[in-house]
Amino acid sequence: MAQINKNYRKLAAGYLFPEIARRANAYSEANPAVKLHRLGIGNTTEALPPAIIEALQREVSNLAVNDTYSGYGDEQGNKNLRQALVEYYKTLGVTLQSDEFFISDGAKADAANIQSLFVAESIVAIQDPAYPVYVDSNVIAGRSPNFDHERGYYDRFVYLPGVEERGFIPNVPSEKVDLIYLCSPNNPTGAVANHAQLKEFVDYARRERAIIIFDAAYSEYISDPSLPRSIYEIEGAQECAIEINSFSKFAGFTGVRLGWTIVPHALVGEDSAVGEIRNMWYRRQCTFFNGASNIAQAGGVAVLSSEGLKQSRKVVAYYMENARIIREGLLSLNLKVYGGDNAPYLWVKTPDGIGSWEFFDKLLNECQVIVTPGAGFGPTGDNYIRLSAFGHRENVIAAVESIKTNLKLEGF
Ligand SMILES: *Cc1c(COP(=O)(O)O)cnc(C)c1O
């Protein structure tokens, strides 16, 4: 008799984005003539630049001829892409070996799968609010006995609150934990951990033999040169941190699909030898994964070329100008606005402490603007909404104008 993995039943019901879609659709049905503005989506919208399109097309043409056709590549990813990443990290002052890189078809799957390297009893620490995959993958793996509906938290997980007073960057755990998920620049808050804050986590992890899983998917959105783009900019991090990154937000590859994970040889847990965890991830990928698309990988090499970087960074700058427009518009209404300077997300405090779903409904009904309620990322997010800077400029401007003109803050 086949029995199901009952951990799936523990996943908290009412996933965020379907609920947003349900409310937006209900509004549209009641008001069919009204056009909705979307500031909620974490998805890229701008066309890929020419240097990358050319590389993708060239690789497609290579597949048309026997002499240049390629089938399966290296399990870890094509050597020229891994070498290009080695060079990219050198520009951050970080020295890594090409066999410490594992090319994937995106960061989300790696972020979900990486927990399989660790024992089921591991105590997991997660930022609150956070990108949902860290929590959900560990629930499915059985690391929480149940969801506490009253508190809004999974039992046994250690939540690290990102609160306003600390610029939304959490403190290190006050207890002993085994795995720590960190995302900087952060989705959803847009906050970026500075060198000293990351060093506290690295020091904690080395002291406790814990392992940090560092999601750097938005590292290319950092413009402040003092802020770390990789956790390996912190001394000692190669002993205690895995870094996950992606071409999705970096270079508009959300649909092309390409990412990478770094598992350094030096990484050690409580009971592992030097190199062992890296070798386990290699083994895991060889068994469960057959490599990223050769077309996507050719595109990735082009992104990392000097022309590709220049062109991709122009697209990033376009989104960051959207972020500036959103921030100025909301600040003019005296709303409290965070993030959006080194990340494509703005974290906006709800007026008068109302709940994030209440503010969502208010923006939908009064301004026809769709945002993302902070509660969807964890209980600490409940007095905030997330606004995304991804979108065509004219749509962003129209959404901000609608908020400025129509939002009723009187009596709030
Ligand atoms: C968008 C995003 C990713 C990227 O996932 P892909 O699977 O590479 O598209 C990873 N982490 C965070 C926090 C994100 O917001």
Side-chain angles (χ1 to χ4, degrees), residues 11-46 108 129-133 135-136 152 186-190 218 248-249 252 254-255 318-319 322-323 325-327 329-330 333 335-340 343-409 412:
L11 292 169
Y15 188 63
L16 176 63
F17 290 99
E19 178 59 18
I20 291 172
R22 195 189 63 76
R23 294 190 190 206
N25 291 340
Y27 182 89
S28 290
E29 263 167 41
N31 306 275
V34 181
K35 189 178 167 289
L36 293 176
H37 306 283
R38 292 176 193 276
L39 285 181
I41 317 161
N43 198 356
T44 49
T45 57
E46 301 308 297
K108 189 179 189 176
Y131 187 54
V133 66
V135 167
D136 289 355
N186 191 263
N187 177 8
T189 67
Y218 297 94
S248 283
K249 315 308 173 8
T254 39
Y318 176 93
Y319 293 130
N322 286 349
I325 290 166
I326 298 168
R327 190 221 318 270
L330 298 192
L333 296 173
L335 288 166
K336 279 195 140 180
V337 184
Y338 300 93
Y345 295 117
L346 297 102
W347 193 236
V348 181
K349 200 164 187 183
T350 62
D352 244 27
I354 63 172
S356 60
W357 279 109
E358 196 182 333
F359 196 37
F360 170 94
D361 287 335
K362 190 171 162 64
L363 285 161
L364 176 60
N365 290 310
E366 293 176 8
C367 315
Q368 294 75 51
V369 173
I370 301 172
V371 302
T372 312
F377 302 98
T380 302
D382 194 30
N383 296 122
Y384 295 87
I385 55 163
R386 187 193 77 173
L387 300 184
S388 162
F390 295 118
H392 301 316
R393 179 70 40 80
E394 62 273 20
N395 296 345
V396 168
I397 290 172
V400 171
E401 283 309 309
S402 181
I403 296 174
K404 280 168 73 174
T405 313
N406 301 315
L407 183 64
K408 298 188 188 73
L409 290 168
F412 259 82

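On a predicted model such as this, the values are computed, not experimentally measured, just so you know.
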- Message: If we ignore hydrogens and angles and just use 3.5 Å, is the side chain of Asn322 paired with the main-chain N or O of Gly391 as donor and acceptor?
- Response: yes

- Is there a donor-acceptor pair closer than 3.5 Å between any side-chain N or O of Tyr319 and the backbone N or O of Ser388? no

- Message: Would Leu407 and Phe359 count as a side chain to side chain contact (heavy atoms under 4.5 Å, CB included) here? Give the steps.
- Response: CA-CA 10 Å; Leu407 183 64; Phe359 196 37; 4.3 Å; yes

- When rounded to the nearest 0.5 Å, the distance separating NZ of Lys336 from OG1 of Thr350 is 11.5 Å

- Task: Quickly, which of Leu387, Leu39, Ile41, Ile20 forms a side-chain contact (heavy atoms from CB on, under 4.5 Å) with Thr372? Name it, please.
- Result: Ile20

- If we only count heavy atoms from C-beta on, is the Pro373 to Leu16 side-chain gap below 4.5 Å? yes

- Query: Would you say the side chain of Leu330 lies within less than 4.5 Å of the side chain of Leu346, judging by non-hydrogen atoms?
  - Reply: no

- Within the side chain of Glu366, is there an N or O that forms a donor-acceptor pair under 3.5 Å with the backbone of Lys408? yes

- Query: Tyr384 versus Pro188: any side-chain heavy-atom pair under 4.5 Å?
  - Reply: no

- Query: Is the shortest distance from a Lys or Arg side-chain nitrogen in Lys362 or Glu358 to a carboxylate oxygen in the other one below 4.0 Å?
  - Reply: no

- Query: So how far is it from Asn365 CG to Phe360 CZ, rounded to the nearest 0.5 Å?
  - Reply: 9.0 Å

- So, Arg327 side chain and Gly339 main chain: donor-acceptor pair closer than 3.5 Å or not? yes

- Message: Would you compute the distance between atom CD of Gln368 and atom CG of Asn406 and round it to the nearest 0.5 angstrom?
- Response: 6.5 Å

- Query: Do the side chains of Asn186 and Tyr131 get nearer than 4.5 Å, heavy atoms only?
  - Reply: no

- Does Lys349 offer a backbone N or O that forms a donor-acceptor pair with the side chain of Asn383 under 3.5 Å? no

- Message: Just so I know, are the side chains of Leu364 and Leu36 near enough to count as touching, which here means a heavy-atom distance under 4.5 Å?
- Response: yes

- Message: Testing the basics here: between Glu19 and Trp357, what is the closest heavy-atom pair and its distance to 0.1 Å?
- Response: CG-CH2, 3.4 Å

- Message: To check you understand the geometry: which heavy-atom pair defines the closest contact between Ala399 and His37, and what is its length?
- Response: CB-CB, 3.6 Å

- Message: side chain to side chain contact (heavy atoms under 4.5 Å, CB included) for Arg386 and Asn187? Distances and angles first, verdict last.
- Response: CA-CA 9 Å; Arg386 187 193 77 173; Asn187 177 8; 2.8 Å; yes

- Query: If you look at every heavy atom in Lys249 and Thr44, which pair is closest and at what distance?
  - Reply: CA-CG2, 4.4 Å

- Query: When rounded to the nearest 0.5 angstrom, what is the spacing between CD1 in Ile385 and OG in Ser356?
  - Reply: 9.0 Å

- Is any side-chain heavy atom of Asn395 closer than 4.5 Å to a side-chain heavy atom of Arg38? no

- Task: Would you check if Thr189 and Tyr338 make a side-chain contact, meaning some heavy-atom pair closer than 4.5 Å?
- Result: no

- Message: So which atom in Ile326 and which in Ala389 form the shortest heavy-atom distance, rounded to 0.1 Å?
- Response: CD1-CA, 4.1 Å

- Item | Main-chain N/O of Phe390 paired with Thr45 side-chain donor or acceptor, under 3.5 Å | no

- Message: Would you say that Ile325 contacts Arg393 through its side chain, given a criterion of any heavy-atom pair below 4.5 Å between the two side chains?
- Response: yes

